[in-house]
Undergrad: 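Here you go, one structure.
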There are 2 protein chains.
Amino acid sequence: MGSLTEENYIKSVYALSQATGEVYVSELAKKLDVKLPSVNSMMKRMATKKLVAYAPYKGIKLTEKGKKEALAIIRKHRLAELFLVKVMGLGWEEVHDIAEQLEHVNSSRFYERIDELLNNPKFDPHGEPIPDSNGKIHTKKRTSLIDLAEGLTATITAVTEDEKSFLDHLNAKGLQIGDVVIIKKRELFDGSITLQHKSKKEILLTHQVAERIWVEV
Amino acid sequence: MGSLTEENYIKSVYALSQATGEVYVSELAKKLDVKLPSVNSMMKRMATKKLVAYAPYKGIKLTEKGKKEALAIIRKHRLAELFLVKVMGLGWEEVHDIAEQLEHVNSSRFYERIDELLNNPKFDPHGEPIPDSNGKIHTKKRTSLIDLAEGLTATITAVTEDEKSFLDHLNAKGLQIGDVVIIKKRELFDGSITLQHKSKKEILLTHQVAERIWVEV
DNA sequence: ATAATATGTTAGATGCATCTAATATTTTAA
DNA sequence: TTAAAATATTAGATGCATCTAACATATTAT
Ligand SMILES: [Mn+2]
Ligand SMILES: [Mn+2]
Ligand SMILES: [Mn+2]
Ligand SMILES: [Mn+2]
C-alpha cells in the first residue's frame with residue numbers, strides 16, 4: 001500500500017481523467033493545491049510504481065493497477081459516507097470531510113462489516129455509485145437538471161459535489177435525493193432554473209447549482 | 001495538531017512514563033520499533049513544541065500540554081474500540097489494530113456522535129477507563145490476579161493488553177470481562193494459577209497471562 | 001579506581017513531499 | 001511564422017522521519 005499522499009494523488013488522477021481518459025499536471029496541481037513541480041515529482045514516482053503512464057509534456061493516464069487502487073479508495077470513501085449517515089446519524093452535508101480520512105483506513109475487516117451492516121449498498125448518500133469489492137463500478141449516462149426542457153418531471157438521483165457548502169445550500173432550498181421536481185422555467189439570460197417541488201414550493205436554482213444535480217426523467 | 005508519527009510518540013511517552021513519571025530513550029525506541037537516534041531527534045523536536053521536558057541523558061517527561069494531547073488520543077482510541085464492538089459487532093480481540101488508525105481521525109463531530117451513541121461510556125472493551133472530553137481520566141488502584149490468595153473470589157474488570165494474540169488466548173480459555181473466578185491453586189514453582197470459573201471449568205493460566213488480568217475482590 | 005558494558009548523542013546520509021527560481025517545451029496570437 | 005503566453009520540467013533547497021557509524025556519558029562489575 002502507498003502513502004496517504006499517494007492515495008490522494010491516485011484519487012485525483014482518477015477523478016480528473018474520467019472525462020477524457022487523461023489529466024494534465026496543472027489540473028492536478030490545482031485540485032490538490034500544490035505547485036506544479038510537486039505533481040511532476042510525484043508522477044515520476046508513481047510511474048516507476050506502474051500506477052500511471054506518464055511521458056514528459058504528455059497527459060497522465062492511470063494504469064490498470066492504478067485504476068484498481070483508485071476504485072478501492074473510492075469504495076471505502078463512499079461506504080464510509082453512507083455508514084456515517086445511516087448508522088451514525090450524521091447529515092449528508094457533513095460526511096465527506098470525515099470520509100476523506102476514513103478512506104485511508106487499512107482494514108478489510110472494518111469495511112467488510114460496514115458493507116454487511118449496510119447490506120451491500122449500491123449508492124452513497126449523494127447518489128454516487130459504490131464500486132463493488134472487485135472494483136466494478138456501475139456507471140450509467142446521467143442527465144443534468146440544466147438539460148431538461150420546461151414542463152418535464154424528473155427525480156433527483158445524485159449530486160456531483162459533496163462539499164459542505166454546496167450541500168448546505170441544497171438543504172436550505174429543501175432539496176434531497178429522491179425528490180420529484182417539475183421544470184417550471186428556464187431563464188435564457190443567466191441559465192437559472194425554477195423548479196416546482198413536491199412541497200408545492202417553487203425553487204430557484206442558478207445554473208452553477210443546477211448543473212451539479214443529476215436527474216432521471 | 002501534530003503528525004501521525006508525533007501522536008504515536010506522545011502516546012508511548014504517556015504509557016511508558018505512567019509508572020515512574022518518566023521514560024528513557026531506549027524504552028521508547030523499543031516500544032516504537034525505531035533506533036535510538038530517531039527517538040533522540042524526535043524528543044528534541046517535541047521539546048521545542050513544549051510537548052515533553054527533555055534534558056540530555058535524563059528521563060523524558062510529558063508536559064501538561066503533552067499530557068492533554070495524550071489523553072485526547074487515548075480517548076479517541078478507546079471510544080473507537082468500544083464503538084467497533086458495540087455498534088459494529090466486532091470482537092474485542094480485533095478492534096485494537098483498527099482503533100490504532102481511527103484514533104488519528106481529526107473530527108470532533110465523529111467522536112461526539114460515537115460518544116452519544118454509546119451514552120458517554122466510561123470503559124473500553126478491555127476494561128480500560130475512557131478519559132472524558134476534558135482529559136480527566138478515572139484511575140483507581142488495581143489488583144492483578146497474581147496478587148490474590150488461594151480461595152478468594154474475584155471479578156475480572158480489565159486486561160492490560162489488547163493485542164490480538166493475547167485476547168485470542170483468553171477467548172480460547174473462555175475468559176471475559178465481568179467473569180467471576182475463584183483462585184483454586186497458586187503454583188510456587190512457576191507462578192501459574194488455576195481458576196475455578198462460573199462455567200464450572202477449571203482454567204490454568206501462566207504467570208505471564210495472569211499478571212495482565214485485573215480483578216476486583 | 002579502572003575497565004567493561006550499557007545507554008545516549010552527534011554527524012551525516014536517505015527517501016518522501018513539498019517549495020522557489022530557472023529553464024524548456026508547447027500552444028496561441030500577432 | 002515568429003513572438004508572446006501558457007504549461008511543464010529541472011535544479012536545488014527545506015522539513016520530517018528515519019537510518020548507520022562514530023563518539024560521549026553513565027552505570028556496573030572487577
Ligand atoms: Mn465524498
Ligand atoms: Mn459522496
Ligand atoms: Mn487498544
Ligand atoms: Mn483497549
Side-chain angles (χ1 to χ4, degrees), chain A residues 1-14 16-17 19-62 65-66 69-70 73 100-101 103-104 106, chain B residues 1-14 16-17 19-62 65-66 69-70 73 100-101 103-104 106:
Chain A
M1 267 217 329
S3 65
L4 185 148
T5 307
E6 188 178 283
E7 292 193 344
N8 285 331
Y9 270 93
I10 292 179
K11 264 207 315 173
S12 294
V13 174
Y14 181 88
L16 298 176
S17 65
T20 63
E22 55 181 36
V23 60
Y24 294 95
V25 173
S26 52
E27 299 175 295
L28 283 169
K30 193 175 179 186
K31 170 102 165 179
L32 292 162
D33 196 27
V34 295
K35 303 297 177 183
L36 292 179
S38 304
V39 174
N40 198 260
S41 155
M42 181 56 102
M43 287 309 112
K44 282 180 179 173
R45 225 177 301 149
M46 284 174 63
T48 68
K49 292 189 180 185
K50 308 280 184 207
L51 291 167
V52 296
Y54 165 62
Y57 296 100
K58 292 282 157 58
I60 297 149
K61 297 189 232 305
L62 273 185
K65 185 184 171 196
E69 283 214 20
I73 301 163
E100 283 291 311
Q101 299 182 62
E103 74 192 7
H104 303 292
N106 176 20
Chain B
M1 266 218 331
S3 65
L4 185 147
T5 308
E6 187 178 284
E7 291 194 346
N8 286 332
Y9 271 92
I10 293 178
K11 264 208 315 173
S12 294
V13 173
Y14 181 88
L16 299 176
S17 65
T20 63
E22 56 181 34
V23 60
Y24 294 95
V25 173
S26 52
E27 299 174 296
L28 283 169
K30 193 176 180 186
K31 170 103 165 179
L32 292 162
D33 196 28
V34 294
K35 303 296 178 184
L36 293 180
S38 304
V39 174
N40 197 261
S41 155
M42 181 56 101
M43 286 310 112
K44 282 179 178 175
R45 226 178 300 150
M46 284 174 62
T48 68
K49 292 189 180 186
K50 307 282 184 205
L51 291 167
V52 296
Y54 166 63
Y57 295 101
K58 292 283 157 58
I60 297 150
K61 298 188 230 303
L62 273 185
K65 186 185 170 195
E69 284 213 20
I73 302 162
E100 283 292 310
Q101 299 181 64
E103 74 191 7
H104 303 291
N106 176 20

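Naming convention: chains lettered A, B, ... in sequence-line order (proteins, then strands); numbering from 1 in each chain.
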Undergrad: Choosing from D/dT18, D/dA17, D/dT10, which nucleotide comes nearest the side chain of A/P37?
TA: D/dT10

Undergrad: Looking at the side chain of B/L36, which of C/dG8, C/dA17, D/dA17 is the nearest nucleotide?
TA: C/dG8

Undergrad: Under 4.0 Å between a side-chain N/O of A/Y9 and OP1 or OP2 of C/dT18, yes or no?
TA: yes

Undergrad: Pairing donors with acceptors under 3.5 angstrom, does anything connect the side chains of B/E22 and B/Y24?
TA: yes

Undergrad: Check every strand shown and say whether A/S26 touches a base, only sugar-phosphate, or nothing at a heavy-atom separation below 4.0 Å.
TA: sugar-phosphate

Undergrad: Of A/D33 and A/Y57, whose closest DNA chain C nucleotide lies nearer the 5' terminus?
TA: A/D33

Undergrad: Please determine if a side-chain N or O atom of B/K35 lies less than 4.0 Å away from the OP1 or OP2 oxygen of C/dG8.
TA: no

Undergrad: Output yes when B/K49 and B/E69 qualify as a salt bridge under the 4.0 Å nitrogen-oxygen rule, no when they do not.
TA: no

Undergrad: Which whole-number value in Å describes the distance from A/E6 CD to C/dT18 P?
TA: 11 Å

Undergrad: Of all the choices, C/dG8, D/dA8, D/dT18, which nucleotide is nearest to the side chain of A/V25 once you look at every atom?
TA: D/dA8

Undergrad: Taking all non-hydrogen atoms of both residues, which atom of A/L62 and which atom of A/A70 are closest, and how far apart?
TA: CD1-CB, 4.1 Å

Undergrad: Once you round it to whole Å, what is the distance between P of C/dT18 and NZ of A/K44?
TA: 15 Å

Undergrad: Within the side chain of A/E27, is there an N or O that forms a donor-acceptor pair under 3.5 Å with the backbone of A/L16?
TA: no

Undergrad: Rounded to whole Å, please give me the gap between CZ in A/R45 and P in C/dT18.
TA: 8 Å

Undergrad: Output the single nucleotide from D/dT9, C/dC19, C/dA17 whose closest atom is nearest the side chain of A/V34.
TA: C/dC19

Undergrad: By the 4.0 Å heavy-atom rule, please label B/K30 as base, sugar-phosphate, or nothing.
TA: nothing

Undergrad: Whole Å only: how far is the CE atom of B/M42 from the C1' atom of D/dC16?
TA: 8 Å

Undergrad: Nearest whole angstrom, please: distance from the P of C/dT7 to the CD of B/E27.
TA: 10 Å

Undergrad: Any side-chain N or O of B/S41 less than 4.0 Å from the OP1 or OP2 oxygen of D/dC16?
TA: no

Undergrad: Measuring from atom OH of B/Y54 to atom NZ of B/K44, what distance do you get when rounded to the nearest 0.5 angstrom?
TA: 6.5 Å

Undergrad: Tell me whether the OP1 or OP2 atom of D/dT9 has a side-chain N or O from A/Y54 closer than 4.0 Å.
TA: yes

Undergrad: Given atom CE of B/M46 and atom P of D/dC16, what is their separation to the nearest angstrom?
TA: 13 Å

Undergrad: Rounded to the nearest 0.5 Å, how far apart are OG of A/S12 and CG of A/L32?
TA: 4.0 Å

Undergrad: May I ask you to verify if any side-chain N or O of A/K58 is less than 4.0 angstrom from the OP1 or OP2 atom of D/dA8?
TA: no

Undergrad: Should A/N40 be listed as having a side-chain N or O under 4.0 Å from OP1 or OP2 of D/dT9?
TA: yes

Undergrad: Using atom CD of B/E7 as one end and atom C1' of D/dC16 as the other, report the distance to the nearest whole Å.
TA: 15 Å

Undergrad: Starting at CD of A/E22 and ending at P of D/dA8, how long is that distance when rounded to a whole Å?
TA: 11 Å

Undergrad: Indicate whether OP1 or OP2 belonging to C/dC19 is found under 4.0 Å from a side-chain N or O atom of A/S38.
TA: yes

